[in-house]
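Report on one structure; see the data block that follows.
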Amino acid sequence: MDRLFNSFLDAYKSPFGAVPAGTPVRLSLTIPESYGFVEPRVVVARDRGETTEYRMEYRGVENGIHQFSYTLTLPRVGLYFYHFDLYSDFRKLSRGALGEALVTRDRPVPWQLTVYEPGFTTPDWLKGGVLYQLFPDRFCEGVKDKPMPFADRVYRENKHGEPYFWPTETGGYLNADYFGGDFEGIRQKLPYLKDMGVSCIYLNPIFEAHSNHRYNTADYLNADPLLGTNEEFVTLCAEAKKLGIRIILDGVFSHTGSDSRYFNKEGRYGIGGAYHDPNSPYRSWYDFGRQYPSGYRCWWGFATLPEVNEFDPAYQEFICGTGGVIDTWMRRGASGFRLDVADELPDSFIEKIRLAVKAHGQDSYLLGEVWEDASTKEAYGQRRTYLLGRGLDAVMNYPFKNAILDYLRTGSAHNAAEQIMSICEHYPAPALNVLMNFMSTHDTERAITALAGDPLGQHDRYWQSGRRIPPQRYDRGVKLLILAYALLYMLPGVPCIYYGDEVAMQGYKDPFNRAYFDWDSQEKRIRPVLRNLARMRRDCDAFTDGTLELVKAQGGLLHLRRRGRTQTAEIIFNCSNALIAEQAFGKAAEVNPWGFTVLVEDNEDL
């Protein structure tokens, strides 16, 4: 097939990927003489706006190949989509797989060009580091056998027990059982995390709330008493920082709990609250009306999660103002926030949150939960702008997770490369370099279960309960998990270990993926690999903010290249035969038993 254009290659598009506003972007075509006479145009459409055609300049002919180019400079921030019209026989160039141009006479699929704020910067301390996500109640109990602070909590003395799951949110013990994990337990395990190369801990919600997941906030300004005191959180952050570890918190700002001091439907907090008192100072936070089944607007229909009005000035001030939620916890030692359901928060509100977070230093981190390509995300009929430089620093990178899992399950390097390179092409470099890359989270199956367990499908919690990977598949599952994390550590962004993955903890979806950490595990193979990968990231600048190039994606072979300022890393993964690494590199290369090889060289030696 003739190569006419490829957006991944510097010879055809330079620079690669997203660009700051005002940056010249050179686009080049190579058209064989066999195509006949052409006068190509590049057709550029601003997202939901005007379309402009630019005639490309003829650069001459070489070996029967006509060359054209155009330098495009876009001064306005936003999304743009472009294709090429050959102006001959209705032929156009459409985006195909891996950035390759395809000739079509139909409506072309355009390439995307993201143009972001020139001043967009993200925290340098994250680059080259490692994140660790932990579920506070399930990580480590530092203060043993402490009494429950509220009578409706169920204490789980047996740390090996499965989380309760029956029957629903309206009855039984679902989300009401507590294993007692606390700030002191995290503090005690800081050396353990440091040994794995962890540089940042992401804590699921810690604010007072009346469920073990704590996504139904009851008091934004105080830690849940089972975790410890506000002062103990301050101590945790200070001791972590001494070890070079920072802590970010989960900010749940789209809804509160109905059982909270703000809404107070259940009356736990006295006689006030928005639900009972029309004159409550919190009343304007919520929307009441007969049109709602519960009498008020609530998150995804859950009556226990009344939604807030993020445009309400009083609520915005409470979250973002001086002495507000963000200011309070940043002063206590937090280094940033992860925003729960970021696509349900207005862009204007996220921008205010950014200002509040960055008021404590430009190196503070603001992460958002987005499950799709965040650059093209639409929510409630609007294109989201939170990745263009005024909102989030970065997002949770579900596309990379899906690409890696699919690659290891199907063996298609081509499909994995398409998913990975598309994200790299669409995201601004400042965001790309601090993405939260992961294989498991509290919202998904654990990675080893996804790789080696029975397919989840539509099975209910009773099917999921107690189900384990058969012994004959477990060993392969561990090897695949190592391969998954190895690839994750090599890609742009910051790898994140979900607590327990380093000992191959199993589990389907909530609550089975949120079991207490298995500190008695005998699985010792994964953690040393993670430690070595972290050291490699720390020592090689190609993994800090280096570019990513696709060298080859064929069958199960995925060959990537990261170029840093002083070093280049050649990376090869193979689902079937690691010995092919030497053939791919064209030189002798060390091959490890897991199916991946990394060769790092100084740029001056290449």
**Asked** Hey, are E50 and R76 close enough for a salt bridge, meaning a charged N less than 4.0 Å from a carboxylate O?
**Response**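 Yes, charged N to carboxylate O under 4.0 Å.
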
**Asked** Can R55 and E53 be counted as an ion pair, charged N to O under 4.0 angstrom?
**Response**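 Here R55 does not pair with E53 in a salt bridge, since their nearest N and O are not under 4.0 Å apart.
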
**Asked** With a distance cut-off below 6.0 Å to the six-membered ring centre and an angular limit of 45° from the axis, does R562 pair with F543 as a cation-pi contact?
**Response**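 No - R562 does not lie over the ring of F543 by the 6.0 Å and 45° rule.
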
**Message:** Within this structure, what is the CD-NZ distance for the pair E372 and K377, rounded to the nearest 0.5 Å?
**Reply:**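 With rounding to 0.5 Å, CD (E372) is 3.5 Å from NZ (K377).
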
Contacts of [X] that satisfy salt bridge (Lys or Arg N to Asp or Glu O under 4.0 Å) - sequence neighbours left out:
X    : answer
E418 : R95
D347 : R384
E310 : none

**Request:** Indicate whether the side chain of T568 and that of N603 have a donor and an acceptor atom separated by less than 3.5 Å.
**Result:**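 Yes, side-chain donor-acceptor contact under 3.5 Å.
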
**Asked** Strictly by modelled atom types, are E570 and H559 linked by a side-chain donor-acceptor pair under 3.5 Å?
**Response**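 Result is yes, a qualifying pair exists.
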
**Prompt:** So, the side chain of S440 versus the backbone of A447: is there a donor-acceptor pair under 3.5 Å, distance only?
**Reply:**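 Yes, because the side chain of S440 sits within donor-acceptor range (under 3.5 Å) of the backbone of A447.
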
**Request:** List for me each residue that meets ring-ring contact (aromatic ring centres under 6.0 Å, His included) alongside Y12, sequence neighbours excluded, and say none if there are none.
**Result:**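 None.
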
Scan the side chains in residues 431-438 for donor-acceptor partners under 3.5 Å anywhere in the protein, sequence neighbours excluded, and list what turns up.
from	atom 1	to	atom 2	distance (Å)
N433	ND2	A429	O	3.1
N437	OD1	N397	ND2	2.9
N437	ND2	P492	O	2.7

**Prompt:** Taking only residues at least two apart or on different chains, which pairs with a member in residues 33-55 satisfy ring-ring contact (aromatic ring centres under 6.0 Å, His included)?
**Reply:**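 Output for this query lists Y54-Y70.
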
